[in-house]
Amino acid sequence: MLVEHSIVGPLGADTDGQAVTALHWGRDGTLTEGPLFEQLRTEMDAYFAGNLTAFSVPLAPGGSDFQLKFYDALCAIPYGDTRTYGDIAKNLNVSAQAIGQACGANPIAILIPCHRVLSARGLGGYSGAGGVDAKVALLRLEGAAGLLI
């Protein structure tokens with residue numbers, strides 16, 4: 001397992017041999033050893049300890065041009081900050097619903113920080129294991145908990 005214990009439970013990851021392609025809750029993926037595994041484990045441990053604010057591990061989420069632009073927009077949201085579905089929708093010239101669906105389809109949650117995207121009137125959803133509770137835990141870790149009160 002990549003991460004045995006974290007605030008969102010055990011985590012595993014998939015790789016294409018060069019980059020991380022998916023993050024999994026509660027199970028191993030295809031990334032089980034080697035330099036990429038060690039880099040990701042080190043970065044995840046530092047993130048969950050509150051000592052890392054940006055991941056440098058290579059990511060390859062795949063997807064359409066829209067999805068890739070969307071992932072870039074998520075990665076541009078600073079640690080401890082949030083945006084609304086509407087904010088991102090306006091910047092990408094799509095509907096807020098399209099942003100919500102894209103968040104739900106994010107294969108590399110946490111590393112591509114969809115937990116930093118909120119609805120205009122609340123938290124919105126979260127597709128990672130643990131749902132909204134996991135989203136709240138990640139936002140608290142990043143010091144964005146003031147937004148939740």
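Side chain to side chain, T42 and D45 fail the donor-acceptor criterion of an N or O pair below 3.5 Å.
Around the CD atom of E4, the shell of radius 6.0 Å holds more than 12 heavy atoms that belong to other residues, nucleotides or ligands. Other residues, nucleotides and ligands contribute at most 12 non-hydrogen atoms within 6.0 Å of the CD atom of Q18.
Looking at Y85 and Q97, their side chains never come closer than 4.5 Å, going by heavy atoms from C-beta outward. Looking only at side-chain heavy atoms (C-beta outward), V20 and T15 stay at 4.5 Å or farther from each other.
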Donor-acceptor pairs are to be reported for all side-chain atoms of residues 47-55 against protein atoms at under 3.5 Å, with residues two or more places apart or in another chain.
from, atom 1, to, atom 2, distance (Å)
Y47, OH, E142, OE2, 2.6

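Atom CG of D16 is separated from atom CG of L59 by 10.5 Å, given to the nearest 0.5 angstrom. For the atom pair H115 NE2 and L141 CG, the distance stands at 8.0 Å (nearest 0.5 Å). Rounded to the nearest 0.5 angstrom, L36 CG and L31 CG are separated by 5.0 Å. For the atom pair OH (Y71) and CD1 (I108), the distance works out to 7.5 Å, reported to the nearest 0.5 Å.
Partners of R41 under the side chain to side chain donor-acceptor pair (under 3.5 Å) rule, at least two apart in sequence or in another chain, do not exist in this structure. Applying the side chain to side chain donor-acceptor pair (under 3.5 Å) test to R27 and every residue at least two apart in sequence or in another chain returns H24.
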